[in-house]
S.K.: 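Below are the structure tokens for one structure; questions will follow.
Keep in mind that this is a model prediction, so the values were computed, not measured. Residue numbering restarts at 1 for every chain, and letters A, B, ... go by the order of the sequence lines.
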2 protein chains.
Amino acid sequence: MTKTVDDAVAVLQQNHLKITKQRRTMLSFLCARPDHYTEVTQVDAYMRDFYPGMSHATIYRNIKEFEELGLVEQQVEGEQARVKFQCDFANMHHHHFICRNCGQVTELKMCPLDYFSDQLPGAKIEGHRFEMYGLCANCAATIEA
Amino acid sequence: MTKTVDDAVAVLQQNHLKITKQRRTMLSFLCARPDHYTEVTQVDAYMRDFYPGMSHATIYRNIKEFEELGLVEQQVEGEQARVKFQCDFANMHHHHFICRNCGQVTELKMCPLDYFSDQLPGAKIEGHRFEMYGLCANCAATIEA
DNA sequence: CATCAAATCGTAATCATTACTGTTAATAAG
DNA sequence: CTTATTAACAGTAATGATTACGATTTGATG
């Protein structure tokens with residue numbers, strides 16, 4: 001079920017987007033960090049190191065396009081945005097637990113929406129956001145020691 | 001239980017912060033918009049209109065201080081930050097449903113954390129974020145018509 | 001290979017937020 | 001009430017992420 005760079009490139013093709021070496025490198029970079037949100041500024045720094053003189057605009061535009069295709073997930077929380085390779089393009093609805101130490105993402109099953117919708121009679125619920133953070137089991141064990 | 005500007009000012013006093021006319025005006029502005037998140041840029045615009053030549057820094061600094069005292073709630077979602085007068089300084093744990101049309105905030109009872117903690121054995125959950133948005137009952141009825 | 005639209009570059013703009021420094025004014029003590 | 005102290009403020013300018021734009025390059029297609 002976990003997708004690879006080639007899977008992502010195939011999606012680009014299917015949508016008549018051009019396969020450039022920059023895009024391939026970006027996807028490769030993101031794909032190498034599965035289950036981790038990476039700060040967009042770090043993606044930017046890496047790309048501009050890899051392709052000296054690469055434009056900021058290109059990087060941000062590509063992230064936006066990748067997101068529209070479901071290849072990555074973006075999160076705009078506070079200061080700067082973060083982005084994560086979407087290992088499962090199927091776009092299943094899910095929520096995340098994010099470890100503040102190692103950055104690992106755990107997908108949660110079940111959605112809290114079910115428990116709340118009956119508190120809002122008449123309202124039309126269009127979306128929601130749910131996220132948990134802390135220390136994953138590994139880091140919790142390590143740090144406590 | 002709903003707090004007023006004077007209650008907020010009292011908190012400033014208790015914490016040995018000075019009561020300036022700027023701060024009073026800010027709190028008054030925010031207090032007049034209960035259950036609504038206001039964009040910080042709008043607070044900024046209003047204050048600089050009220051006190052021509054007022055400094056951006058003062059406004060942002062005050063919001064941060066108000067937040068530390070629990071007088072307001074801040075939300076940094078995407079583009080610009082939003083802020084809301086905290087009618088209940090008691091800092092009870094709760095979540096929000098936010099109407100995208102009128103901006104009304106409904107506080108939700110019950111916290112989804114309970115339903116998820118057992119999915120993360122060993123992890124140390126330090127925080128979470130939950131939010132729902134859409135149309136409140138009033139707006140849903142009006143817009144549908 | 002030739003074509004053409006899509007991607008990219010490179011520069012500069014935008015815009016929210018913050019640093020910094022000298023000045024003002026709220027508070028508490030006399 | 002007067003004064004001393006120091007937080008709060010004004011004003012200017014910086015920062016830093018993100019985007020606009022015009023010129024150039026390059027991937028896809030035949």
S.K.: In whole angstrom, what separates B/Ile59's CD1 from C/dA19's C1'?
M.R.: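 So the CD1-C1' distance, B/Ile59 to C/dA19, works out to 16 Å.
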
S.K.: Less than 4.0 angstrom between a side-chain N/O of A/Thr58 and OP1 or OP2 of C/dC9, yes or no?
M.R.: yes

S.K.: Among residues 13-29 of chain A, which ones have heavy-atom contacts with DNA chain C below 4.0 Å?
M.R.: A/Leu17, A/Lys18, A/Thr20, A/Gln22, A/Arg23

S.K.: Checking side-chain contact (heavy atoms from CB on, under 4.5 Å) between B/Phe66 and each of B/Leu17, B/Leu12, B/Val11, B/Val83, which is the one that passes?
M.R.: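 Only one option passes, and that is B/Leu12.
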
S.K.: When you match A/Met54 and B/Gln74 each to their closest nucleotide on DNA chain C, which lands nearer the 5' end?
M.R.: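 First, find each residue's nearest nucleotide; the 5'-ward one identifies A/Met54.
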
S.K.: Without decimals, in angstroms, what is the distance between B/Glu65 CD and D/dA8 C1'?
M.R.: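 Roughly 8 Å, once rounded to whole Å.
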
S.K.: Identify every side-chain donor-acceptor pair in residues 43-50 of chain A under 3.5 Å, counting partners at least two apart or on other chains, and give the distances.
M.R.:
residue, atom, partner, partner atom, Å
A/Asp44, OD1, A/His56, ND1, 3.1
A/Asp44, OD2, A/His56, ND1, 3.0
A/Arg48, NH1, A/Met54, O, 2.4

S.K.: Which nucleotide in the list D/dC21, D/dT12, D/dT18 gets nearest to the side chain of B/Ser55?
M.R.: D/dT12

S.K.: Mind calculating the distance between CE (B/Met47) and P (D/dC9) to the nearest angstrom?
M.R.: 9 Å

S.K.: What is the separation between atom CZ on A/Arg48 and atom P on D/dA17, rounded to the nearest whole Å?
M.R.: 11 Å

S.K.: Whether A/Arg61 contacts C/dT8 is assessed here as follows: a side-chain N or O lying under 4.0 Å from the phosphate OP1 or OP2. Is that the case?
M.R.: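 Answer yes for this pair, as a side-chain N or O of A/Arg61 is under 4.0 Å from OP1 or OP2.
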
S.K.: Figure out the OH/P separation between B/Tyr51 and C/dT23, and round it to whole Å.
M.R.: 23 Å

S.K.: To the nearest 10°, give me the bend of the helix from C/dC1-D/dG30 to C/dG30-D/dC1, comparing the axes of its five terminal pairs at either end.
M.R.: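 Answer for the end axes of this duplex: 40°.
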
S.K.: Rounded off to whole Å, could you give me the NZ-to-C1' distance for the A/Lys64 and D/dA17 pair?
M.R.: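 Distance, rounded to whole Å: 13 Å.
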
S.K.: Tell me the interatomic distance from B/Glu68, atom CD, to D/dA8, atom P, rounded to whole angstroms.
M.R.: 11 Å

S.K.: Please check the phosphate of D/dT19 (OP1 and OP2 only) for any side-chain N or O of A/Tyr60 closer than 4.0 Å.
M.R.: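 The answer is no; no side-chain N or O of A/Tyr60 sits under 4.0 Å from OP1 or OP2.
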
S.K.: Distance check needed: D/dA8 C1' versus B/His56 NE2, whole Å only.
M.R.: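 About 17 Å, once rounded to whole Å.
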
